[in-house]
2 protein chains.
Amino acid sequence: MPEDFERFKAGLSLSRDDIYSALLQENHHHIRIKKPAVAIQGLASIVEATLRLAGSKGFHAMSLRDLCAESGFSIGGIYAYIKNKEDLIHLIQDYGFLLTRRTLRTRTQDAAPGVEKLRAAVRTHLFLSEMMPDWFSFSFMEARHLPPPERQKAVQAAREIEDIFFDILQEGMAAGAFRHVDARLLASLTKALMQDWYLKRSKYRRQEIDVNTYAQSVCDLLESYLQGPP
Amino acid sequence: MPEDFERFKAGLSLSRDDIYSALLQENHHHIRIKKPAVAIQGLASIVEATLRLAGSKGFHAMSLRDLCAESGFSIGGIYAYIKNKEDLIHLIQDYGFLLTRRTLRTRTQDAAPGVEKLRAAVRTHLFLSEMMPDWFSFSFMEARHLPPPERQKAVQAAREIEDIFFDILQEGMAAGAFRHVDARLLASLTKALMQDWYLKRSKYRRQEIDVNTYAQSVCDLLESYLQGPP
DNA sequence: GTCTATAGCATGATAGAC
DNA sequence: GTCTATCATGCTATAGAC
């Protein structure tokens, strides 16, 4: 029985505080605020305001003054949380990759190899992006314009996500559940389909397609290919 | 016999001058240069330099000084071709949409309904993006951050491209060449697969996957779905 | 038609009061 | 810990020489 999005969300049980206290721990060296409760609250405002603005006008077009107006901070206050504007990118990137990778691996490892595992991975990825679409879209849009070392890290993280799909495909082929195809290429195509869900969110909303329907269609498409005639 | 990319490129026979004189005609009201030969040459330099820079560092991160250095113009000289920086976006957008729509329709209309027509459309779209990947990726990245009226135009153009695939799917279903599926949703998924080719170009190059191989895989994936069991 | 010089402004970042 | 005031810089866009 396929798990649907509402059950997924309830099962994740990641509160806002959990998320931002993890984010604080990863970046505490840059942050001058000492009281954790204050820092967590401030981080949450700043990150969420950044994602909103970057989503609507783009990260580079967003000024720190825009960010202040949106987050409620003053121009000086922001600099207690970040070293500079570029630092905002890392703040947001690091955290999301960690969460995505971990959840994807955890949620697929118990499923049986083959169709079941592939479905679990597709659903989990789509559900994650449904939970934080602004982060996924930010990460996709900004990664290509990072300075080379940071960019390399982002490429590596994206590759790891793709590898999860690759491994599932290979395992399924080895187990005889799938026919033999180019697993690397099909993993790329699968990821492309995952991306469209968060990159074209408003289009799908306008067409009244929800995440469960989308997940089902992607699974059907992949499965008919993997189980077709050799 | 599937047409491959080299034959497609030769068959298009669109010279650089053809392209930029069409672009000049569409935007002659903004452009202060009187001699067509000069204007065409200037436009070509500016558009190509913009696409290069926007592709590497992003349009908003690119300053007009960067553009001058890259295009060989002076800061004042640029303003004989454009009204302001935002005008550069329209200059580039208009032209590409026109070319893409026209080529896609022309190249698919003679093919037989069903698999053959679908393949022609997939190949044509991929080949077009292979010819001007910087334009496709620019258009994808910038469209979401345009001011509302211009954004609407871009959304509309993207929708028309998707409709071409939609029509082909519906026609094929009506003719009995395909089984009955949600054609609107499958057209969206198809477009998502088209997009990945130009958005993740360097990844595919690293994997030594060329455009013909990619086109073949996308067609196989779609066809197995459209011809699978009802 | 293209250049140089510069106006006018918005931005990222800092210093220091509270 | 957060604010206001301010600096230096780099930007878009224009004016006017050639």
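Lettering of chains follows the sequences in order, A, B, ..., and the numbering in each one begins at 1. Computed from a predicted structure; not experimentally measured.
Within the structure, the side chain to side chain donor-acceptor pair (under 3.5 Å) test picks out the following pairs touching residues 38-49 of chain A (sequence neighbours left out): Arg16(A)-Glu48(A), Tyr20(A)-Glu48(A). The stretch residues 28-37 of chain A participates, sequence neighbours left out, in no side chain to side chain donor-acceptor pair (under 3.5 Å) pair at all. Within the structure, the ring pair (Phe, Tyr, Trp, His ring centres under 6.0 Å) test picks out the following pairs touching residues 40-84 of chain A (sequence neighbours left out): Phe59(A)-Phe138(A), Phe73(A)-Tyr81(A). Applying the side chain to side chain donor-acceptor pair (under 3.5 Å) rule to pairs touching residues 131-148 of chain A yields Gln93(A)-Ser139(A), sequence neighbours excluded. Here side chain to side chain donor-acceptor pair (under 3.5 Å) pairs that include residues 96-107 of chain B, with residues two or more places apart or in two chains, are Glu3(B)-Arg107(B), Arg101(B)-Glu160(B).
Legend: residues meeting ring-ring contact (aromatic ring centres under 6.0 Å, His included) with Tyr204(B), ordered by chain and number and at least two apart, are Trp197(B), Tyr214(B). Ala192(A) pairs by the side chain to side chain contact (heavy atoms under 4.5 Å, CB included) definition with Leu193(B), Asp196(B), not counting sequence neighbours. For Arg151(A), there are no salt bridge (Lys or Arg N to Asp or Glu O under 4.0 Å) partners at least two apart in sequence or on another chain. For Asp18(B), the salt bridge (Lys or Arg N to Asp or Glu O under 4.0 Å) test picks out no residue, with sequence neighbours left out.
Axis orientation changes by 0° from one end of the helix from dG1(C)-dC18(D) to dC18(C)-dG1(D) to the other, with each end axis drawn from 5 pairs and the value rounded to 10°.
Atom P of nucleotide dC11(D) and atom CG of Leu67(B) are separated by 12 Å, given to the nearest angstrom.
A heavy atom lying under 4.0 Å from DNA chain C marks the following residues of residues 18-47 of chain B, by number: Ile33(B), Lys34(B), Lys35(B), Val38(B).
The side chain of Ser63(B) sits closest to dT12(D) out of dC3(D), dT12(D), dT2(C).
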Practice task
For each nucleotide in nucleotides 13-18 of chain C, reading 5' to 3', give B when a protein heavy atom comes within less than 4.0 Å of its base, S when such contact involves only the sugar-phosphate, and - otherwise.
Solution key: BB----

